[in-house]
Amino acid sequence: MTDNKEKKRRRMKEKSISTILLVLASLSIFTTIGIVATLSKETIAFFGEVSIIDFLTGTEWTALFANPKFGVLPLVAGTLMIAIYGSVVAIPIGLGSAIYLSEYASDRTRKVIKPLLEILAGIPSIVYGYFALTFITPILKIFFPTINIFNALSGSIAVGIMIIPMISSLSEDAMKAVPDEIRHAAYALGSTKFEVSTKVVIPAALSSIISSFVLAISRAIGETMIVTLAAGSTPKLTLNPLESVQTMTAFIVQVAKGDVTHGGLIYKTIFAVGMLLFLMTLFMNIIARMIIKKYREEY
Amino acid sequence: MSVKINVKNLDFYYGDFKALNDINIEIEEKKVTAFIGPSGCGKSTFIRTMNRMNDLIDGTKHTGEIIYDGQDIYSPKVDVVELRKKVGMVFQKPNPFPKSIYENVVFGPKRHGIKKKSELDKIVETSLKDAALWEEVKDRLDSSAWSLSGGQQQRLCIARALAMKPDVLLMDEPTSALDPVATSKIEELIEELKDKYTIVIVTHSMQQAGRISDNTAFFLMGNLVEYGETSRIFSSPEDKRTEDYITGRFG
Amino acid sequence: MSVKINVKNLDFYYGDFKALNDINIEIEEKKVTAFIGPSGCGKSTFIRTMNRMNDLIDGTKHTGEIIYDGQDIYSPKVDVVELRKKVGMVFQKPNPFPKSIYENVVFGPKRHGIKKKSELDKIVETSLKDAALWEEVKDRLDSSAWSLSGGQQQRLCIARALAMKPDVLLMDEPTSALDPVATSKIEELIEELKDKYTIVIVTHSMQQAGRISDNTAFFLMGNLVEYGETSRIFSSPEDKRTEDYITGRFG
Amino acid sequence: GCGTDEGEETQDTGDGETTDKEETNGDLSGSVEADGSSTVYPITMAIAEEFQAENPEVQVTVGVSGTGGGMKRFTTGETHISNASRNMKDEEAAKAEENGIEFEQLTVALDGISVVVNPNNDWVDDISVKELNKIWEPDSDVKLWSDVRSEWPEEEIKLYGPGTDSGTFDYFTEAINGEGGAVRTDFTASEDDNVLVQGVAGDEYAMGYFGFAYYEENQDKLKALKIDGVEPTPENIGSGEYTPLARPIFIYVNTEHYNNESQVQAFVEYYMNNGPDIVPTTGYVALSPERYKEELDKLK
Amino acid sequence: MTNLQKRRLMDNFFHGLVFSVTLFALIILGILLFDIFKDGFKYLSIDFFTNYTSRFVEKAGIKAALSGSIWIIGLTIIFSLPIGVGSALYLEEYSDDRNLLTRIIKLNIANLAGVPSIVFGILGLGIFVHLFGFGRSILSGALTLTLLILPIIIVAAQEAIKSVPKELRHGAYALGSTKWQVIKGVVLPYSLPGILTGSILAIARGLGDTASVLMVGAVSFIAFTPKSVFDKFTILPIQIYNWSSMPKAEFHDLAAGAIIILLVLLLGANAVAIILRNKYQNRIKG
Ligand SMILES: Nc1ncnc2c1ncn2[C@@H]1O[C@H](COP(=O)(O)OP(=O)(O)OP(=O)(O)O)[C@@H](O)[C@H]1O
Ligand SMILES: Nc1ncnc2c1ncn2[C@@H]1O[C@H](COP(=O)(O)OP(=O)(O)OP(=O)(O)O)[C@@H](O)[C@H]1O
Ligand SMILES: [Mg+2]
Ligand SMILES: [Mg+2]
Ligand SMILES: O=P([O-])([O-])[O-]
C-alpha cells in the first residue's frame, strides 16, 4: 500500500508533468504572439499610409514599381489559385493513396510504398520549381498551346505533388487507427471494400483526414520557391490557371530577400500581406474546425 | 431435410497455431444449430469461417471445404460480398459503428440498394422491434450507438444483422450481455426466424442450446467432438467428454 | 457487519438524460453484492460511478454522495488514482490493451511500483490461474492479447484487475462470455475472494446472483427498486416488479 | 532583407585578435563577413575561395541577401563587406552615418546587361535604346512586335525581366526609361535569371534582359541583340562602348574593420590584386590592373 | 445490371482508382528521382563530401553544407520532438475543451502551420538572433526551424492521440493509473505510428526549408565546418539553391548531386522513425 508520502510524491509528479506539458503547449502561443506582434506593428504603420479599403478591394498590385498601387486582390487570387488547384491535385491522389495503403494494399506493400511517398515531401521545393518549369509546363503546352511559360497551373501541380504525402501518410495513419471490429461489422453486412472504406473507415477517421487536408493546404499556401520559379511573379487578378501569377508568399519573399530599405513603405507591405495571409489561414482553420465538429464520429 | 452448409475436412490456422482440426459437419436448412464448448475451443473461429470473416485476419489459412448452396465458399468463383450478404453475422463483442442508431441499422440495406426513406424507416422499426430494442431507443434514433448500454449495443447489432434479411444467420453468443427478459425475446425471435432462415448460434448456456436449437455441436480444443440432434446430445451423449461438459463435470 | 460503500441520494445524468434516480444503498464489507435488472436500467452506470470511471465520459454529472472509507469519493480531497487502485474494475466489454498477455496483467502492478521481474512473473501466474486462464495461455504469454478468444479476453481482464489486489472489486458481467466451466471457476474465485475483498457484481443471470451473492439489488429504469439479502429477495420480494422480474414474468 | 531589430550588433566573432598588422599571409585568423548582391556574389565567392585556401585560419563567409539586404546589415555594422550591384541609396548612407559606420565603395567589375531574344527570332538583330524605351516604358502601348517596327510580325511580344528587387532591374529601368523602377508592369518577372533564360529560350516571340554572364553561358539557347549597333562582348563592355547597358558593380568596405583587422585588410587587398585574373572566370569583365590599384588606394 | 454487379463494378473501379493514383504518385516520384539522379549521380564521389563549394564545378563539394544540415536538423529534432509531442499531449489529454484558452491554442496551432516559412524567419531573426543574442548561428537556425515544424508535429500528434479508442484508456484508468501512466502505457504506444509519421513529414519540411534559415543567417559561401552551435553555417538547400542559380549549367547538375545527398540524409533521419513506426503498428494489429 502506498503511504501518504508516496501519494504526495506521485501527485507532485503528475502536477509537474502537467505543468511542463502546459508550458510546452504555450510555447506555440508565444510564437503566435511573436508573429502577431511582429506583423501588427508594421501593418498598422502600413495602413497609416495606404487606405485599408484600397488595399482590400484594389485590383492592381504594383507595389515595387514606380507609382505603386496596393490592391492586394491579385496576390490573394494567385494564392487561392495555387492552393485550390494544388489541392485538386493533392487531395484525390493523397486520399486515394491513403485508402489504397490502408484498406487495399498488403502490409508488405504498405511498408514499402508509404516511406517512398514520404520522399516526395522531402524533395526541396526548388527541385519542384524546376521540375514544373522544365517538365510539367512543356507537357501542358501540348494540351494548351497558348499557355504562358510561367503559369499557375504548372506551379499548382508541383505544389500538389509535394503535399501528397502530408495527406496520404497522415490519413493512412488515421484510417489504420480505426478499430478492426468496426470494419469487420461492415464486411459482415456484405459491404464491399469500397463501401467499408468510404462509409465506415473514412467517416470514423474524418477528423484526422480533414486535419491532414488543412495541414497540406497550409503548406501549399505557405509554399514559395515552387511558385516563384514556375508560376512567375506577375500579380494578376485572374482565375485562369494558364496565366502567370504571384502569390502572397512569393511577394513576401521577393521583398524580404530583396533590395528594399528597412522601414520603407514597401518593407511595411510585406507585413500587411503577411497579416492578411495569417487571417486567411485562420479563417480556413475555423471553417475546417466547424466541419470536423459536425462530422466527427468518436470511437 | 436438406443441408444448407456442408463443411468437409476443415482445418484452420492462425499463423502456426491450428485452431480447427478436421471439422466435418452438415448444417441443416431452416434449423437452429447450436455450437457449444469451453472458451477458446474454436467456436468463434469456426462460425467466422462460414462467412469468410477470417479472411480479414492476417496470417490465417485453411484447408478443406465449406459448401454453401452447392459451392465451396472459398472457391474463386464465389463473391465474398454476396456471400456475406446472404450469410449474416452477429459478433461476440458488440461492435456498432460510431454512427447513430438509425444509421447502424440501415447500413446494410442502404448498401444493398434500398434508398427510399420510408422503406428504410420501416426496416429500422421492424428490425429494432425484433431485436427487442425499439421501445428503449425509439425516441433517440439519432444518438450515437456508442452511448448505448452493453446489452443495448448487443441488441442493436442483432437488429443490424436482421435488417439484411439474410439466408443464414450466424450469431456468436448473441444474448451473452442480455437479461433473461431480453434473452427470451431474442429466443422467441429465433424461434420465429427459423421458419425462413437457417440459424447458427454459439452459446455457452446449455439451457439456451437446449431450449432453442434443433441440432447441437460440441467443440473441444479445435475438434468437433459430437454433433447431433439436441435432444439426443443432451439426453444420451455418445462421447464421454460431451457428457462431462454438459453435466458440468468437465475440467 | 460494516458498511464499505454508502451511497446517498445519487442522481446521475448523461447530458440531459437522467440515468440514475435517487439511489440509496449500503454495500457491505467482505460481502458479494449483485446488481440485477433489465438491460439499460443503469447497472453499468452505477457500478462505474463507484470508482469514478464516469468522470471520463464527457457531459456527465451527478448529485448525491458515495461514501467510501468514510469519505465522499467525489470530494476534492480524494485522489482518484488512489481510489481506482483500491476499487478495481472489470468491464462489461473486454478491453485488453494491444500488448502482450503478460504486459496486460502486469500493467497495474508495474504502475504501482513493482519492478522486480520475478515478482511480476509471480503475479502474472497467480492472477491468470485465479482467472482460470493460465493453462490456455501459459505458453504464449508474449502473444498479443487481441488474438485471444472472446472468453479468454474476458478472463484476461479479470486477471488484470486481480493483479492489483484491490480492496473493492467491481465486476460488470464478468462471466457473460464464459462457458459454464469457466464461469464456475470464476464463481469459486469470487467465493474465495470475499474473505478479503468487497465485491460488487453486475449479472443478468438470476442463478448466478442466487449462487454467489450475499445481497442483491434490483434496478429498473434508473431506480433501485429493491435491495436486501439475496435469499430474501429471491424467496419473498417485497416489490411486485422485483417478483415479476425474478420469475421471468416481467415485460 | 529585413528584420525586426534595428539595433546595432556587437561583433563577437573573435575578430580583432590579430591587431598587430602582419602582412604575411598564412597565419592570419579571425573572420571576414561579406553579404549582399547576388550579381556580385560569384566574384566575391571566387576571391573568398582562393583566399580561404591560402589562409585556412580565417573564416570567410559570403551571403546572398541581395544588394538591399546586404546594405541593411552593412549599415548596422554587421558585415565587413557588402556586395552591391548599384550605388548606395541616400537612406542607406544616412543609416550608416547614424550608426557611425564609415565605408568606401570599390568597383570590382563591369557587367553588360544583355537584351536577348529566342534564337528562332530572325527579324531582329539590332535594337535602339529608343525602341527599348518604347517597349519597356510605363504604360507602354506596345503589344505586338509590329507595334515597334511595322515590318516585324504581328505577334504578341512576350517580355521577360528580372524581379523588381534586383540591381539589374534598377539599372535597366534607369538606363532605358530614365527612372529606376519605372517600367510597364505586365512583363513576366522572375528573381531567378536561369528561369528567365528558360522563358526566352522556350518562347519564339519573347524578349528579355539579364546579366551578361547568363547570356554567355546560354549562347546556344539565346540570341543577344546589338544595342544601337553594339554587341555585348567583353571588349565592348570593358571599353564602355556598350552603352547605356554596361554598368559597374561594387563592393562596399567598412573602413574601420579594414583598418583594424588584418584579415579584412588582407582579403580586400587580395581581392584587388587578383581581380584581373579571377573576374573574367566568373563571366564578368575585369577592370585594368591599374584601375584596381586606384580602387584600393581609396582605402589608404 | 443487378445491384450487386453494380457494386462490384464500383468496388473494382475504386480499387483500380486508388491503386492507380498511388501508382501515379510513385511514377512521379520515379520521374523526379530519375531526373535528379541522371544529372547528379556523376558528381557523387568522395571529393564531393570532402570539398567545400568552389567556383569550379569539378572542385565543388558539400562539406560545409552537409555538416551544417546535420547540425541543424539534429538540433531541430531534439528541440521539436519533445515540445511537439508534449504540447499535443497537453492539448488532448490534460486540457479541457470547454476552456476558451484551450480552444484558442488548438486553433492557433493549426493556424501556425499555414504561416509561410519566411515569416518564421523574420521572427527568428528578431528573437533568436537579436533579442536572445544567439547571432546568426546554428542555434538560431535550429530554433527557427523548430518553430516552423512544431505545428506539423503537434497537429499530427494530436490526431494520433485522439484516435486511441476510449475503452483502452478506461481500462488503464480503472487499474488506478495516473494520467501520465495511462499516457505512457497506452496512449503513446497506440498513437506512436501517427506521431512518427507527423515527425517524418515535419523533419522533411525542416530539412528542405530555405527561406527561414536564410533569414537567420545561413550563408552561401563558407569553407569551414562548424564546431559549436554558435558558429556560422550553411545548409544543403541553400547550397542547392545557390548552385541552381549559377549561370553555368554544370552547376545545376551539381545541385542535383547535392539533392541526392539531401534525400539520403532525409531517408536516414526517417529510417529510424519508419522502423519504430512499423514496429508499433504491428503491435497494435496484434
Ligand atoms: N455514454 C452514454 N451516453 C448517453 N447515454 C448513455 C451512455 N451510457 C449509457 N447510457 C444510457 O444510460 C442507460 C443506462 O445504461 P447502462 O449502461 O448503465 O445500462 P446497464 O444496466 O448496464 O445495461 P446492460 O445490461 O445492457 O449493460 C441506458 O439507457 C443507456 O442507453
Ligand atoms: N486472431 C487470432 N490470432 C491468433 N490466435 C487466435 C486468434 N483468434 C483466436 N485465436 C485463438 O484460437 C483459439 C480459438 O479461439 P476462438 O475465438 O475461436 O474461441 P471461442 O471458442 O470462440 O472461445 P470463447 O468462448 O472464449 O469466445 C483460442 O485459443 C484463441 O486464443
Ligand atoms: Mg468466441
Ligand atoms: Mg451494462
Ligand atoms: O542581388 P542583386 O544584385 O540583384 O541586388
Side-chain angles (χ1 to χ4, degrees), chain A residues 10 14 17-18 21-22 24-25 27-29 31-32 34-35 38 92-93 96-97 99-100 104 111 115-127 131 161 164-166 169-170 173-174 177 179 192-194 208 211 214-215 218 221-222 224 249 252-253 256 274 278 281-282 285 289 299, chain E residues 7 10-11 14-15 17-19 21-22 25-26 28-29 32 83 86-87 89-91 94 105 107-119 122-123 126-127 147 150 152 155-156 159-160 163 165 178-180 193-194 197 200-201 204 208 211 237 240-241 244 259 262-263 266 274 278:
Chain A
R10 198 189 56 221
E14 283 292 311
I17 287 174
S18 86
L21 294 181
L22 172 63
L24 294 182
L27 271 182
S28 64
I29 287 281
T31 311
T32 306
I35 288 174
T38 314
I93 297 183
S97 315
I99 295 171
Y100 175 73
Y104 287 85
K111 275 181 196 158
L116 275 181
L117 286 184
E118 278 158 0
I119 297 180
L120 283 173
I123 293 177
S125 47
I126 179 163
V127 179
F131 181 69
I161 294 171
I164 286 173
M166 290 227 132
S169 280
L170 292 173
D173 278 328
T192 61
K193 245 182 190 166
F194 166 67
S208 300
S211 290
V214 172
L215 266 186
S218 298
I221 290 178
T224 333
T249 50
I252 294 175
V253 171
F278 191 82
T281 48
L282 188 69
N285 273 299
R289 226 144 255 275
Y299 54 84
Chain E
R7 289 168 57 217
M10 189 65 203
D11 189 40
F14 190 68
H15 188 167
L17 184 76
V18 293
F19 176 74
V21 295
T22 311
L26 288 174
I28 293 187
L29 176 71
L32 269 166
I83 301 180
S87 306
L89 282 176
Y90 180 81
L91 293 174
Y94 286 86
I105 296 185
L107 179 61
N108 157 56
I109 285 173
N111 198 42
L112 277 182
V115 174
S117 74
I118 189 92
V119 174
I122 294 171
L123 188 72
I127 293 179
L147 294 187
L150 260 182
I152 303 178
V155 173
E159 292 303 328
S163 72
T178 62
K179 207 161 214 165
W180 181 241
T197 295
I200 290 173
L201 293 168
I240 291 164
Y241 182 51
S244 352
I259 291 165
L262 184 68
L263 290 180
L266 179 76
I274 290 171
N278 285 341

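Each chain gets a letter, A, B and so on, in the order the sequences are listed, and its residues count up from 1.
- No other option in E:Leu201, E:Ile259, E:Ile274, E:Leu262 has as many heavy-atom pairs under 4.5 Å with chain A as E:Leu201.
- Counting heavy-atom pairs under 4.5 Å between each of E:Ile240, E:Ile200, E:Leu112 and chain A puts E:Leu112 at the top.
- Interface summary for chain E: among A:Leu27, A:Leu120, A:Leu22, the most heavy-atom pairs under 4.5 angstrom belong to A:Leu22.
- Partner of E:Asn108 under the side chain to side chain contact (heavy atoms under 4.5 Å, CB included) criterion, out of A:Asn285, A:Thr32, A:Ile35, A:Leu282: A:Thr32 alone.
- Here the CD1 atom belonging to A:Ile93 is positioned 10.0 Å from the CG atom belonging to E:Leu17, to the nearest 0.5 angstrom.
- Using a 4.5 Å cut-off between heavy atoms, A:Phe131 contacts chain E through its side chain alone, with no backbone atom that close.
- If you measure heavy-atom distances from A:Leu170 to chain E, the contacts under 4.5 Å come from both the backbone and the side chain.
- With chain E as the partner, the residue from A:Pro124, A:Ser28, A:Ala121 showing the most heavy-atom pairs under 4.5 Å is A:Ser28.
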* Intermediate values then yes/no, side-chain contact (heavy atoms from CB on, under 4.5 Å), A:Phe194 and A:Tyr104 -> CA-CA 9 Å; A:Phe194 166 67; A:Tyr104 287 85; 4.0 Å; yes
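- Contact of E:Ile109 with chain A is made through the side chain alone, with heavy-atom distances under 4.5 Å.
- The aromatic rings of E:His15 and E:Phe19 stand perpendicular to each other, their planes meeting at an angle above 60°, with 30° marking the opposite boundary.
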* Give the intermediate values and the outcome of side-chain contact (heavy atoms from CB on, under 4.5 Å) for residues A:Ile99 and E:Phe14. => CA-CA 10 Å; A:Ile99 295 171; E:Phe14 190 68; 3.7 Å; yes
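- Using a 4.5 Å cut-off between heavy atoms, E:Leu150 does not touch chain A at all.
- For the pair A:Leu24 and E:Leu89, the minimum side-chain heavy-atom distance is 4.5 Å or more.
- Using a 4.5 Å heavy-atom threshold, the side chains of E:Ile118 and A:Thr224 count as separate.
- Neither the backbone nor the side chain of E:Ala160 comes within less than 4.5 Å of any heavy atom of chain A.
- In this structure, the portions of E:Pro165 lying under 4.5 Å from any heavy atom of chain A include both its backbone and its side chain.
- Of the listed residues (A:Glu14, A:Met166, A:Glu118), the one with the most heavy-atom contacts under 4.5 Å to chain E is A:Glu14.
- Both the backbone and the side chain of E:Leu107 have a heavy atom closer than 4.5 Å to some heavy atom of chain A.
- Among the candidates E:Ile28, E:Thr178, E:Ile152, E:Leu266, the residue making the largest number of heavy-atom pairs closer than 4.5 Å to chain A is E:Thr178.
- Put simply, CG on E:Asn111 and CZ on A:Arg289 are 9.5 Å apart, with the number rounded to the nearest 0.5 Å.
- A:Ile17 touches chain E through its side chain: at least one heavy atom from C-beta onward sits under 4.5 Å away, while N, CA, C and O do not.
- Note on A:Ile221, A:Val214, A:Ile29, A:Ile164: by heavy-atom pairs under 4.5 Å with chain E, the leading option is A:Ile29.
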* To do: Take E:Met10 and A:Thr192 through the test side-chain contact (heavy atoms from CB on, under 4.5 Å) and record every step on the way to the result.
  => CA-CA 9 Å; E:Met10 189 65 203; A:Thr192 61; over 6 Å; no
* Steps toward side-chain contact (heavy atoms from CB on, under 4.5 Å) verdict (A:Leu117, A:Ser97) -> CA-CA 9 Å; A:Leu117 286 184; A:Ser97 315; 4.0 Å; yes
